[in-house]
Amino acid sequence: MLIVFTRSSLPEYIEHGRVDGFQRNPEPGLLSDNLFLSETRGCRFFVHREDDQDSRLILVNDWCWDLITENSTEMATRFLERIDRASRAMAQPPVSLPHQWSKFSYENFLAFFALPRNLNQESLRWVAEALQGGHAAFWWLTDRNDPRPLQSFAIDHAPVSNALFGYHQALEEAVQAFSGAKAKPQLLQPSIDLMRVGAGSVARERSYSEWLPQLTEAQRDILDNALADPLKIRGVAGSGKTLTLQLKALHELYKTSGAESSTQSPPSGGGALPRILFLTHSWSMAEQVEEAFRRLDERGLSSKIDVMPLLYLKEWLQGPLSSEVEVLGEDSLDGKQQQMRLISEAIEHIKSSTWTSYKANVSDWVRQGVETDRDEADRLRLCWALLREFAEVFDSREIKTLPNALQKYIDLPRESWMVPLETKTDRELSFRVYKYYVRQLVEEGLVTTDQVVDDLRRDLEKYEWNAVRAGRGYDIVFVDEFHLFSDPERYLLHLLTREAEKPPRLVMAMDPSQSVFLLLTGLAETEISRTTSGMIQRGQTKSIDLKTTHRFTEPIFKFLRYLHTQMPNVVELGHDWVYDAIPDSGKTGRELPRARFVSRHQLAETGVAEAFALHAASAQEQRVALIGIGNSELEAIREVLKEKGHSTASYVLIDGRDEIEQLRYSRRALIVTAAEYAAGLQFSHVVVVGGTSGNHEYGHGTSAMRALYSQFYLAASRAEEHLTVVAPQEQGGFGEVLGKAVDADVAVAGSAITPKLRSQ
Ligand SMILES: Nc1ncnc2c1ncn2[C@@H]1O[C@H](COP(=O)(O)OP(=O)(O)OP(=O)(O)O)[C@@H](O)[C@H]1O
C-alpha cells in the first residue's frame, strides 16, 4: 500500500498532526476543514480542499509510514517536515537541501538524513525518487546497518500508476465531501507563523511599485545607485535593509527589461537581463527571500534571481559533496555542541598527557578551564573561547596546521577584540588543541563549514574558474545579513562576479551591532574582508546608511538605542557606527520594556511562564517569541518546557538557523529560540532570558562582554510592540546590564503580571 499526499495536503496534515497527533490508520473521511482522507485502489490519499487534477503527488511506502507514525508526535512531525521540504526541492532541480542533511543523488534518486542528527541515532536516510510529472516518491529508509548505495535500488514502479489513477477517484470523493462542509471564513484562519515572522513578511502585502512611494530618501538612493563600486547598506535593526536589498534586485532586473513604471509582463525590448545572485546565511532565509520576491515582483522576473545560502555555492558550481563526508554546521546548536565536544576531548587528552609543560605559564582562566571537570562553567568558557579563536583567528588568518604555522600564530599581534589568550603558552596550548581537533574531525569523517568555504575559495582562485567566469559568474551579487558572514566567506564574494578586471558589483546589507563575533575582525568600513583589503583597490566601497527604523514602538526603540550606546567599544573595531536613527513605525505602544529580576535558577522557568501568559493574552495576528540570549539559555528553557510537561504542540523550538522552517507548519505557536537563530525575524512580543550560565558562552574579557551585548541587542530588536527581559538578581553579568537600563529609565522593573495586550 502507498500513502499518497499532495503538495498542499502534506503541510496541512503536518500542521493538523502536530496538534492532534499522527495516526497510523486514520478513519477515511474529513480530517479537518481542508483535509480529506480516502482509501482507494489500495492507496490512502490525503487530499486538500484546494487540490485539483494537476496537483503534484508525494508517495510514501507503507512500512516507512508505519515506522514514522509509531514514533512520538514530535518525531513524526520532524520526519514529515523533511519529506515536505525535500519534495518541494525535488520539484525544482537541481535539488538543493541543507548540508546537514548530507544529500546524495544518483540519476533521479536522492538520499538524505530523514531526521535532524540529534534525533537520528539510527542514521535513517531516505531513498527518494523524483518521478515524471513533478511527483515524488519516498521508497525506502536505510539505517546504519543497511547503508546500501543508491545505485543498488531496483524499484517496482507499478504502484505509481495505480496511485496516479486512484488519485482522480479520491479527488472526486474529496470534492463531494468538501462541498458539504463549508470552509471557515479566511479571517478566522490566522496565517502560518513563518509568513508572519519571517523575511517573507517584510514585503507585507505590497508589490514593488506600491513600495516605491513609501521609501525613505536613503532607500531610494540605494535603488538609484549605479553600483560603480561595491555598496554597503548599513542600518540598525528594523531599518528595512532586507526589504531594500530585495527591491534593489528587482529594480536592476526591471531597469533592463523595459520602462520601470510599466507593470506589465513579460519583459519587452530591453537588453539581456543581468545575472543576479542573492546570498543569505541559511536555507530558511533563502526560501523566505524567494517568498518575498514572489510577493513584490509584478513582472514575473524574480525567478531569474538565484537565491541561496553561501554554503550551497560549492554544490551549485561544482556538484554535490562526497557522500562520505558530513558537514558540521556551526549554524545550529547541535553543530556547535559537537564542536564543543571535540574541543573538550582535546583538552582532556592534553590534560592527561603534556599538561605539566603548559600549566605554569598559562593565564589563570585558561588553567581553571583545563583543570576543572568537563561540564563545569570554567571548562565551557574555555571551550567557547577556543571555538571563537578557531573561527576568528585560525580560519580568517589562514593558520593551518602546517610546519611553521605555530610560529606564525604566536607572532600574530594580539588585538583587543580577540579572545584574551595573552601568554605565549596560552597560544601554544590553543594551537595544540586546534591540531587535535582537526585530527578528530578527519577521523570522524566530518568537515566544518569553514573548511567547505576554504575549499571553494581555492577552486575559485584557479585558472579553471577564471576561464568560465565570464559565462557562469554574476553581474551583481547581493548579500543579506553581511555581518553574519565570516571573513573567509566575505572574501569569496569578489570572485563570483563576471568581470575580474572591474570593481565587483556587490550590494551588502549589514548591522554591525547584530554581529557577535564576526565584525570583530578589525575591519575598516571601506573594506569587504580582511583578506580582500589589498585586492579591491580600484573601487572604494561605498556606504549608504538607513537611519529610520520601521519596526518598533518608541519605548522599544529607546531601549535599543541605549543598549547600543552601552556596547563596550573594542578599540580596533575600525567602524564609525553611530546610532542616530529615528523611529517611524506607526506603532503607538507606550509601554516601557519590562525587566524582571529573579534568582538564577528561576530564570528559564520565569521566562517560560511570562511567554505563555503573553501568548494567551495576544490577539490572532500577534506572535510571541521566547528568546534565550545564548545557547545555554535555550538549553535551560528546553529543560523547563520538558519538566513542566508543556505539550509540543503549544510551542516550536528553533535551535538552528535552518530550523525556522518548522514555522511553516504551525499557527500561533509560542516560538522558542536563541538570539543567533532569530536573525531577520520579527515578533509582536518578545521575552528575552539571559544570564542562566554566568555568561561563560562568550569566553572571557572585553570582547566577550561585547558579544553578550550584541546577542542581547539582536534578541531584543526582534520585538515590535512588547518586550520583557528576565535577568538574574545576583550581582554582576547580565543582571547588571539590565539594571543599568532600568536606572537609565529605558526599562521598568516589573513583577509577574499578565498584560492586557488585546487592547493595544
Ligand atoms: N520605508 C518603509 N516604510 C515603512 N515600512 C518599512 C519601510 N522599509 C521597511 N519597512 C518595514 O520595516 C520592517 C523591517 O524591515 P527589514 O526586516 O527589511 O529590516 P532589517 O533592517 O533587515 O531588520 P533586521 O536587521 O533587524 O533584520 C518590515 O516590516 C518592513 O516591511
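Each ligand, and each atom within it, is numbered from 1 in the order the structure gives. These figures come from a predicted structure and were not determined experimentally. Excluded from the calculations below are hydrogen atoms, water molecules and symmetry mates; all remaining heavy atoms, backbone and side chain alike, are included.
Using a non-hydrogen distance threshold of 4.0 Å, Ser239 registers as a contact of ligand 1.
An N or O contact shorter than 3.5 Å links Arg718 to ligand 1 by distance. Geometrically, ligand 1 and Gln682 share a nitrogen or oxygen pair separated by less than 3.5 Å. Taking only nitrogen or oxygen atoms, main chain and side chain alike, Ala237 does not reach within less than 3.5 Å of ligand 1.
Near Gln214, the atoms of ligand 1 lying under 4.0 angstrom from a non-hydrogen atom of the residue are 1 (N), 2 (C), 3 (N).
For atom 1 (N) of ligand 1, the closest non-hydrogen atom on the protein side is Gln219 OE1, 2.8 Å. From the protein, the heavy atom lying nearest to atom 19 (O) of ligand 1 is Gly240 N, 3.0 Å.
With respect to the salt-bridge test (charged N to carboxylate O, under 4.0 angstrom), the residues Asp655 and Arg638 qualify.
Comparing Glu720, His550, Arg220, Arg551 against atom 4 (C) of ligand 1, the shortest heavy-atom distance belongs to His550. Which of Gly238, Gly680, Ala679, Gly198 comes nearest to atom 23 (O) of ligand 1 through a heavy atom is settled by distance: it is Gly238. For atom 22 (O) of ligand 1, the nearest non-hydrogen atom from the set Val202, Ile233, Thr242 comes from Thr242.
Under the rule for a side-chain hydrogen bond (donor to acceptor under 3.5 Å, both in side chains), the partners of Thr244 that lie at least two apart in sequence or sit in another chain are Gln219. Remark: Arg505 pairs with Leu227, Glu252, Ile476 by the side chain to side chain contact (heavy atoms under 4.5 Å, CB included) rule, at least two apart or across chains.
Taking the six-membered ring for Trp and the full ring otherwise, Phe278 and Phe293 have centroids separated by under 6.0 Å.
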